[in-house]
Amino acid sequence: MKSDTVRKGIERAPHRSLFWAMGYHEEEMERPLIGVVNSFNEIVPGHIHLTRLAEAVKAGVRMEGGTPVEFSTIGICDGIAMNHRGMNYSLASRELIADSIEAMTEAHCFDALVFITNCDKITPGMLMAALRLNLPMVLVSGGPMLAGEDNGKKIDLKNVFEAAGAAGSGKITEEELKDIEMKACPGCGSCAGMFTANTMNCVSEALGLALPGNGTVPAVHAGRVRLAKEAGRRTMFNWRNNIFPRDIVSYGALNNALAVDMALGGSTNTILHLAAVAKEAGLEMDLNHVNRISEKTPQLCSLSPAGEDRIQDLHFDGGIAAVMQELSKKNLLDDTRLTVTGYTVKENIKGNVRKEKGIICSSEAPYREKGGIAVLFGNIAPEGSVVKRGAVEESMLSWEGRARVFESEEEAVEGINAGKVTAGEVVVIRYEGPRGGPGMREMLAPTSAVAGVGLDKSVALITDGRFSGATRGASIGHISPEAAVKGPLAVLRDGDRIVIDIPRFRLEAKVSEEEIQKRLETTSIKSSPVERGYLQRYSHMVTSASKGAVLEVNQQ
């Protein structure tokens with residue numbers, strides 16, 4: 001056992017003495033030490049209940065003869081961090097999470113790990129750590145929040161952001177806004193739509209690193225506690241049978257994850273996170289390959305923010321296993337891949353069918369013939385950009401508009417609310433990339449402001465930042481290279497004609513290459529807004545969004 005390094009032999013008597021100080025029993029000291037990584041805190045609704053799940057995980061580990069050892073890591077609530085300096089830290093926290101887990105695990109020599117996660121950057125950070133450390137493991141999420149209700153309609157956090165935009169423009173009163181905000185988030189769990197947190201927890205199932213049900217069993221259901229117990233038990237099974245995450249995550253598993261992502265119409269952030277996870281597994285994710293998967297994979301669900309259904313509805317219509325079963329009918333999965341259950345994908349999904357509640361479409365009659373995410377290339381985004389095409393109005397899939405340029409998210413929100421943006425324009429928000437932000441902030445506030453003033457079907461947004469999984473409409477993010485490294489986005493001007501052609505994967509400015517080069521030669525790049533602390537170090541080390549915005553040394 002790896003943990004023998006800190007427990008066995010005469011020279012380890014001081015180490016054992018410290019275990020005795022914590023009350024460990026001699027029997028516990030003979031068993032494998034299973035690290036239980038708990039991201040509980042009292043600021044994230046998706047994590048507020050994780051202490052109960054940690055106890056369930058530890059019970060499962062003990063059932064199978066292991067000694068669970070709980071430790072913590074950080075977690076940021078993107079909703080609370082949204083639209084202010086806090087959002088600069090959100091994506092950047094993903095690297096801190098992975099690094100802190102690596103440090104704790106290597107320092108204390110755990111034999112295996114259970115990862116208890118839920119929200120946006122915590123799940124990918126934990127997956128990155130899992131692949132980096134390559135110890136037997138299972139990831140278990142805290143589960144989705146139930147939807148709220150307003151006048152008989154389901155609502156969630158997205159509705160509050162859009163209501164805030166409507167209140168800011170005078171379309172509803174502050175009292176009406178207050179009523180919506182009090183109803184939208186009725187309890188613990190990751191926000192109820194197919195936003196980034198839930199997308200990543202569903203994709204973790206497809207990747208093979210989480211148990212069936214991980215993405216959809218509601219946070220408040222007893223089934224979530226049972227799932228956590230099983231995660232503890234399965235981790236022990238994987239330890240005994242030498243099943244490691246790098247045995248599971250291959251190009252086939254990555255393709256499965258992308259196919260499920262496309263079928264769900266998931267968050268664009270998953271492309272960023274899967275690229276980072278792939279890198280930790282020693283794999284490379286080609287953005288052109290993302291489009292190849294998207295072109296042949298039908299979108300089977302239309303969940304919030306694109307539609308009215310929520311994760312609880314997906315769960316009761318069969319969940320991710322039923323989605324995968326539909327994809328397997330079209331030979332769109334590598335069902336031979338091993339998973340943390342100890343079984344293959346084919347064995348996991350056998351007998352799981354959609355319940356025909358209308359949430360999961362048949363692969364023969366999909367919601368859309370092509371996947372929910374697309375990567376666009378062109379003279380604005382030579383290295384690529386990402387759009388949730390499943391949430392774009394049909395009329396805007398191929399579209400042209402005038403650029404309205406803003407140098408920050410705050411400037412854009414102020415301009416939208418002040419009526420400076422009109423129908424037929426493309427809002428350009430730059431210097432919000434991984435390095436320029438720094439931290440690649442999410443732009444839920446600008447998209448919600450556009451929706452709030454009624455322009456979501458006549459205005460597009462493009463940025464080198466990110467868009468929240470709760471964003472809908474023609475919102476194109478991850479533009480690479482970013483403005484801060486003198487990407488073409490830095491030289492767009494008000495009035496430039498922007499062509500968005502999602503079916504052909506193109507994002508172009510009607511500006512000649514000669515003119516772009518001329519502008520690049522004469523344009524001064526805005527300097528980073530941070531001069532100290534973690535974000536300064538992050539901005540010097542972070543790579544392009546097209547590479548997953550991972551950290552590498554010697555970044556200029």
Side-chain angles (χ1 to χ4, degrees), residues 1-8 27-37 53-54 56-70 101-102 104-106 108-117 126-141 203-215 226-254 256-257 277-278 280-283 320-321 324 333-352:
M1 290 187 286
K2 184 178 179 181
S3 58
D4 287 349
T5 305
V6 295
R7 295 187 299 181
K8 299 294 184 181
E27 175 64 26
E28 291 177 298
M29 291 288 282
E30 295 300 320
R31 298 177 175 187
L33 295 184
I34 310 301
V36 177
V37 191
L53 293 190
V57 164
K58 290 188 283 187
V61 170
R62 291 189 185 104
M63 285 180 200
E64 298 299 324
T67 297
V69 182
E70 183 180 346
I101 296 168
E102 175 193 353
M104 286 293 290
T105 301
E106 295 288 19
H108 301 107
C109 299
F110 295 117
D111 295 300
L113 296 165
V114 187
F115 297 89
I116 308 174
T117 181
M126 288 190 173
L127 290 173
M128 289 167 67
L131 272 302
R132 186 184 302 173
L133 293 162
N134 199 35
L135 291 173
M137 53 75 65
V138 173
L139 179 138
V140 60
S141 79
V203 163
S204 297
E205 274 190 58
L207 199 59
L209 297 181
L211 301 175
N214 181 72
R226 285 191 290 274
L227 190 69
K229 289 178 182 176
E230 186 61 22
R233 295 183 68 236
R234 267 306 124 177
T235 298
M236 287 299 299
F237 173 88
N238 291 336
W239 174 75
R240 288 198 179 93
N241 290 278
N242 294 313
I243 297 174
F244 300 98
R246 287 187 206 159
D247 298 330
I248 293 169
V249 177
S250 63
Y251 280 113
L254 192 62
N256 287 348
V277 171
E280 296 288 355
L283 308 174
I320 301 308
M324 295 180 77
L333 293 179
D334 179 353
D335 62 9
T336 67
R337 297 307 312 160
L338 181 67
T339 73
V340 290
T341 64
Y343 300 105
T344 64
V345 169
K346 185 175 183 177
E347 291 168 317
N348 283 347
I349 66 175
K350 184 179 179 180
N352 286 277

Can you tell me how far apart [atom1] ([X]) and [atom2] ([Y]) are? Round to the nearest 0.5 Å.
X: Ile101; Y: Glu106; atom1: CD1; atom2: CD; value: 12.5 Å
X: Leu135; Y: Ile243; atom1: CG; atom2: CD1; value: 14.0 Å
X: Ile320; Y: Asn352; atom1: CD1; atom2: CG; value: 11.0 Å
X: Met137; Y: Thr105; atom1: CE; atom2: OG1; value: 11.0 Å
X: Leu207; Y: Glu205; atom1: CG; atom2: CD; value: 11.0 Å
X: Leu53; Y: Lys229; atom1: CG; atom2: NZ; value: 11.0 Å

* Asked: Among Val69, Thr67, Thr235, whose side chain to side chain contact (heavy atoms under 4.5 Å, CB included) with Ile34 holds?
  ->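 Of the listed options, the one satisfying the test is Thr235.
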
Test applied, side chain to side chain contact (heavy atoms under 4.5 Å, CB included); reference residue, Ser204; option that passes from Thr117, Asn214, Val140: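 Of all the options given, the one that passes is Asn214.
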
Salt bridge [X]-[Y], side-chain N to carboxylate O under 4.0 Å:
X: Arg233; Y: Glu230; answer: yes
X: Glu280; Y: Arg246; answer: no
X: Arg31; Y: Glu27; answer: yes

Item to check | Lys2, NZ atom: more than 12 neighbouring heavy atoms under 6.0 Å | outcome: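 Yes.
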
Practice item. Flag yes if more than 12 heavy atoms outside Lys8 fall under 6.0 Å of its NZ atom; otherwise flag no. Key: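 Yes, NZ of Lys8 has more than 12 neighbouring heavy atoms, counting only those of other groups under 6.0 Å.
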
Are side-chain heavy atoms of [X] and [Y] found at a separation under 4.5 Å?
X: Leu33; Y: His108; answer: no
X: Phe110; Y: Leu133; answer: no
X: Val340; Y: Leu209; answer: yes
X: Arg7; Y: Cys109; answer: no

Considering non-hydrogen atoms only, spot the tightest contact between [X] and [Y] and give its length.
X: Ser3; Y: Asp111; result: OG-OD2, 2.5 Å
X: Pro68; Y: Val36; result: CB-CG2, 4.0 Å
X: Ala206; Y: Ala257; result: CB-CA, 3.9 Å
X: Ala228; Y: Ala56; result: CB-CB, 3.7 Å
X: Ala281; Y: Leu131; result: CB-CD1, 3.6 Å
X: Gly252; Y: Asp334; result: CA-OD2, 3.8 Å

Does [X] use its side chain to pair, donor to acceptor, with the backbone of [Y] at less than 3.5 Å?
X: Asn256; Y: Leu333; value: no
X: Asn241; Y: Phe237; value: yes
X: Arg337; Y: Ser250; value: no

Regarding Asn348 and Thr339, do their side chains bring together a donor and an acceptor under 3.5 Å, going by distance alone?
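Yes, side-chain donor-acceptor contact under 3.5 Å.
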
task = Go through the steps to decide whether Met236 and Val61 satisfy the test side chain to side chain contact (heavy atoms under 4.5 Å, CB included), and finish with yes or no.
result = CA-CA 6 Å; Met236 287 299 299; Val61 170; 4.3 Å; yes

Decide side chain to side chain contact (heavy atoms under 4.5 Å, CB included) for Val249 and Leu127; before the verdict, give the C-alpha distance in whole Å, the side-chain angles of both, and the deciding distance to 0.1 Å. CA-CA 11 Å; Val249 177; Leu127 290 173; over 6 Å; no

Worksheet entry | Derivation and outcome, side chain to side chain contact (heavy atoms under 4.5 Å, CB included), residues Glu64 and Arg240 | CA-CA 10 Å; Glu64 298 299 324; Arg240 288 198 179 93; 3.9 Å; yes

